[in-house]
Amino acid sequence: MDFKEIEGKWQKIWDENKNLYKADDVGVDSHIDLGRIQGSARTKPKMYVLNEFPYPSGSGLHVGHAFSFTGGDIYARFKRMQGYNVLFPMGWDAFGLPTENYAIKMKRKPQEVTKENTDMFRSQMKKLAFSFDWSREVNTTDPDYYKWTQWIFIKLFEAGLAYKKEMPINWCPSCKTGLANEEVIDGKCERCHAEVSRRNISQWVVKITDYADRLVDGLKDTDFIDKVKTAQINWIGKSEGAKIKFEISSRDVINHVSTKYLEIFTTRPDTLYGATFMVISPEHDLSLELAKSNEEIKKYLIETRKKSEMERTDLNKDKIGVFSGLYAVNPVNNKEIPIWISDFVLASYGTGAIMSVPAHDDRDKEFAVKYNLPIINVYDDEKIINSPLWNGLNKNEAIKKAIEWIKSEGIGEGTNSYHLRDWIFSRQHYWGEPIPMIFCEECAKNHKLQNSNIKHQNEEEKKKYYGWFTVPEDQLPLVLPEVEAYEPTDDGLSPLSRIPEFVNCQCPNCGSDAKRETDTMPNWAGSDWYFLRYIDPFNKDKLIDFDLLKYWGPVDVYIGGDEHNTLHLLYSRFIYQFLYDQGLFPKGLPEPYKMRTSHGVILGPDNQRMSKSRGNVIVPESVADKHGVDVVRMYMMFMGPFEGTMSWNENTLMGVKRFLSKFNIALEYLDNEAKLSILALSTEDKYPEAIVLLNKTIAKVSKDIEEFGYNTAIASLMELLNELHKIRIDESVIPLNVGHRWLMVLSRDNIKKIVKMLAPFAPYTAEELWSYIYKKENHLEEIDSRYVSVHSESWPGVEEKYLIEENMTIPIAINGKVRDQLKLQTSLHGGQANFKHQNEIIEMAKQLPNIKKWLEGKTIVKEIYVEGKMVNLAVV
RNA sequence: GCCGCUGUGGUGAAAUUGGUAUACACGUAAGUUUUAGGAACUUAUGGAGCAAUCCGUGGGGGUUCAAGUCCCUCCAGCGGCACCA
């Protein structure tokens, strides 16, 4: 049989065997299904292995997916064989722009397109033999699913963590629509090439910043790889400093403004004496106010609006600013310093205003030099401060004193600033979850608000909530209605605004006519809690059952890409922590993911990121059609480390194919009575060295899979067959030119262990071989109902006694260069470090002829013996 | 710009985490076997040298008995950056 027949055959059998990869809820008391408890199932430890669910794009499963899922699949299969009750689910993150844009272009329903795409993805995944538990499939676009996404938003609103705010978006004046950053190319609209500008619109914002400290602290409870922890910590970007209010001077005022103070944030309040000017961002209230009456400022603001934040903070670019005409008073010395407006100061960080200390900040210095502003040093070369109030202190002491002083003067306080910003939750698009909010004009007029949690906040804050009410929970899900056209409206609103039946509703509070929110949620909304739904996918009454979460949580291993290490992972942890705080989750599970690792990236053969426009996309399915699924899976895992970046070039693919062909040859032998007789599938082991090799390999492969070292696990399987092949065997029973002696140097039971080790990597080949062995053992033509899949078998254990080396080779080095080797009996160097043995070994080493030669005429100054590893003699 | 990562043969990459650098695989060469569809098997394969030996993990410096691994510095490349997901 060729590989296609084998794949088709087993795919069908596995598909029909519904329990093969099914995660079992038997461990959960309230969900015991007596019919399903088998053997020791109840005592199995649980293992939740999670791959990030894909966005089901129209172009199908790409290599990146196949690579990542194969990695997860191997781990899940390995853990299943080790006796874990494994939950390895899959679903679809199906809301989003590409589908929407496709729908607009092709004039098709996104719902239909999504169905087609997910069907395609599912069948491709089944072909690639991913052992997902398909009975738990979820889809973020399913109303039964997004009911709970909406429910989470309501909880956020009720807790005072969701509010409306004017926020800038990219705006294409020609298409009259908001654009994603990705749709803006060099400041121009991707479609019509018109100049893109920033435009403020009122958007729902979620206060993730309330959880900033918690999100950092919680990392202590996780085993995320360091890279991920660092990414999260940097993204949150906590910096300690102070907010300081500067009085705006009344002298020499060119422009009159409504505020008297300018508040800034600085991490270096100790340098206050060196502050010689101030800079505010172009988006600052003060800038906007001044622009109304000052043409120069107005012009500057329009200019900067075109730039992205990245362009603005680019150190290499020329810093350009404009003088505001205002002065502020430096509180430490009452000096008047000018206030400038420049776009290197960002509105989104701190207060959008800084005090400039050109002597101790490169950006400030550059600006000062350009506009000829004074520079005052506050630190001397010894890093001792030179400021009347805090003379002679070092930096940390001075910062502490400065904050105390600011506080005592009543002009500010020590505070933290974060790089993390609140989460803009509104999208003016169709293909997303409708935000379940209702605005009532009548209630707004009467200052009615639903949210009691914000009552303590000031009037200004309160105003934002007047008239806003959540859709009553019993009306969820608020289903996305079908519309005629999917384009946003001319004024940038979501197409939902064109549907009167959707927009018009009754106020849940007073019953008068009200309007629904027409914005939809960002893609992250559905993906930040999906891992919970896999645990309890059909629950009608609750987001998730408490007991089921207690059993399955947290996710033991979460595999995903670096691109999700900040946003998705942070949003997801935030939502989980929030719901946890609401008492919705079992105590003692403060974090959703125990371990997070990131899969690598496969670049195209040209070393570039795969993309349609570059034309370097590899489709895993077509490679599988050519060489077989097992070859593709193994090749991807053998290419390099699972976390690494590597280019797709099929150099080593043939090596993997040759390796797997050795198993196919085994099939030939099993299928042929004459050949079978010489194998005999012996029940006895005649070659002790073969057993030693096998046990070492089992130890190595087990350890490697545990650490995602798939490339080296495969290498040691290859090495095993190579080494077994070299064992000299009784030539009389061997026909000439038998290429694959590994089958003859091991007993049947030990051959089975090799097949088991192959199973996670090459599920089809292993299963086919396993079934042949079963048939031969039981003298059957076909497998019968008693057959147990290799994927349900137990992982081979290591027999420790075979791991002990009888002979030891110790390299002997002179000055760190190996000059000879000392062969020892294991018993000599023993288990423990023993001084007598150490001396003995060094003495023996000195007697070696090659070593003697190197010692002639030299003096030994140091003798090193590292237990069981090496001897080094330092000579002069 | 900010943050993070990587640099080892002709190629993809190993290296027990400070202890014999180059496992495994590709490629190449020679040989065996008259061998259909990217065949199999054996041997060799970092560089220089007849050899003893010397030199070798992006460059330079350092710590150490011992450095691919740790520290400093420089160079090159890659990834992420909040409305793509």
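The chains referred to below are lettered A, B, ... by the order of the sequence lines, with proteins before strands, and numbering in each begins at 1.
Nucleic acid contact for A:H568: none, since no nucleic acid atom lies under 4.0 Å from a heavy atom of the residue. Within the 4.0 angstrom heavy-atom criterion, only backbone atoms of the sugar-phosphate kind lie near A:M646; the bases stay farther away. Residue A:N711 is classed as a sugar-phosphate contact, given heavy-atom separations below 4.0 Å to backbone atoms only. Residue contacts shown for A:K817 are limited to sugar-phosphate atoms, with no base heavy atom under 4.0 Å away. Within 4.0 Å (heavy atoms only), A:P54 reaches no atom of the nucleic acid at all. At the heavy-atom level, A:F638 lies under 4.0 Å from base atoms of the strands shown. Residue-level contact check: A:W854 touches the backbone only, with heavy atoms under 4.0 Å from sugar-phosphate atoms and none from bases. Among the heavy atoms of the strands lying under 4.0 Å from A:M718 are primed sugar atoms or P, OP1, OP2 only; no base atom is included.
The distance from atom NE2 of A:H65 to atom P of B:rC84 is 17 Å, rounded to the nearest whole Å. Separating the CG atom of A:L569 from the P atom of B:rA85 is a distance of 18 Å, rounded to the nearest angstrom.
Residue-to-nucleotide proximity on RNA chain B shows that, of A:A94 and A:N722, the 5′-proximal contact is made by A:N722. Nearer to the 5' terminus of RNA chain B, by closest-nucleotide assignment, is the contact made by A:N815 (compared with the other of A:G96 and A:N815).
Listed pair A:H725 / B:rU42 meets the phosphate criterion, a side-chain N or O lying under 4.0 Å from OP1 or OP2. One finds a side-chain N or O of A:K862 lying less than 4.0 angstrom from the OP1 or OP2 phosphate oxygen of B:rC65. Of the side-chain N and O atoms in A:K853, one or more sit less than 4.0 angstrom from OP1 or OP2 of B:rU53. Dashed line: the shortest gap from a side-chain N or O of A:R819 to OP1 or OP2 of B:rU20 is not under 4.0 Å. Proximity of A:R658 to the phosphate of B:rA40: a side-chain N or O atom is located under 4.0 Å from OP1 or OP2.
With B:rC65, B:rG38, B:rG12 as the candidates, the nucleotide lying closest to the side chain of A:H627 is B:rG38. For A:P641, taking side-chain heavy atoms from C-beta onward, the closest of the listed nucleotides B:rA14, B:rA23, B:rG19 is B:rA14. In this structure, the nucleotide among B:rG12, B:rC65, B:rU20 sitting nearest to the side chain of A:N872 is B:rC65.
Below 30°, between 30° and 60°, or above 60°: for A:F761 and A:Y710 the angle between ring planes is above 60°, a perpendicular geometry. Classification of the A:F659-A:F663 ring pair by plane angle, with boundaries at 30° and 60°, yields perpendicular. The aromatic rings of A:Y571 and A:W423 sit parallel, their planes meeting at an angle under 30°, below the 60° perpendicular limit. Taking the six-membered ring for Trp and thresholds of 30 and 60 degrees, A:H568 and A:Y558 have ring planes more than 60 degrees apart, a perpendicular arrangement. The aromatic rings of A:F67 and A:H599 lie perpendicular to each other, with more than 60° between the two planes, well past the 30° mark.
For B:rG38, the base has a donor-acceptor partner in the side chain of A:K626 [N/O atoms by modelled type, under 3.5 angstrom].
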**Asked** How does protein contact run along nucleotides 76-83 of chain B, one letter per nucleotide 5' to 3', with B for base contact, S for sugar-phosphate only, - for none, heavy atoms under 4.0 Å?
**Response** ---SSBBB
**Message:** Show, in sequence, the C-alpha distance, side-chain angles and deciding distance for A:I810 and A:Y865, and conclude whether the side-chain contact (heavy atoms from CB on, under 4.5 Å) test is met.
**Reply:** CA-CA 10 Å; A:I810 310 260; A:Y865 169 62; 4.3 Å; yes
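Aromatic ring centres of A:W648 and A:Y635 lie closer together than 6.0 Å.
Cation-pi check for A:R596 over A:F224 is not met; the charged atom does not lie both under 6.0 angstrom from the ring centroid and within 45 degrees of its normal.
Remark: RNA chain B takes part in the stems B:1-7 with B:75-81, B:10-12 with B:24-26, B:27-32 with B:40-45, B:46-48 with B:53-55, B:58-62 with B:70-74, each of 3 or more antiparallel Watson-Crick or G-U pairs, criterion distances under 3.5 Å.
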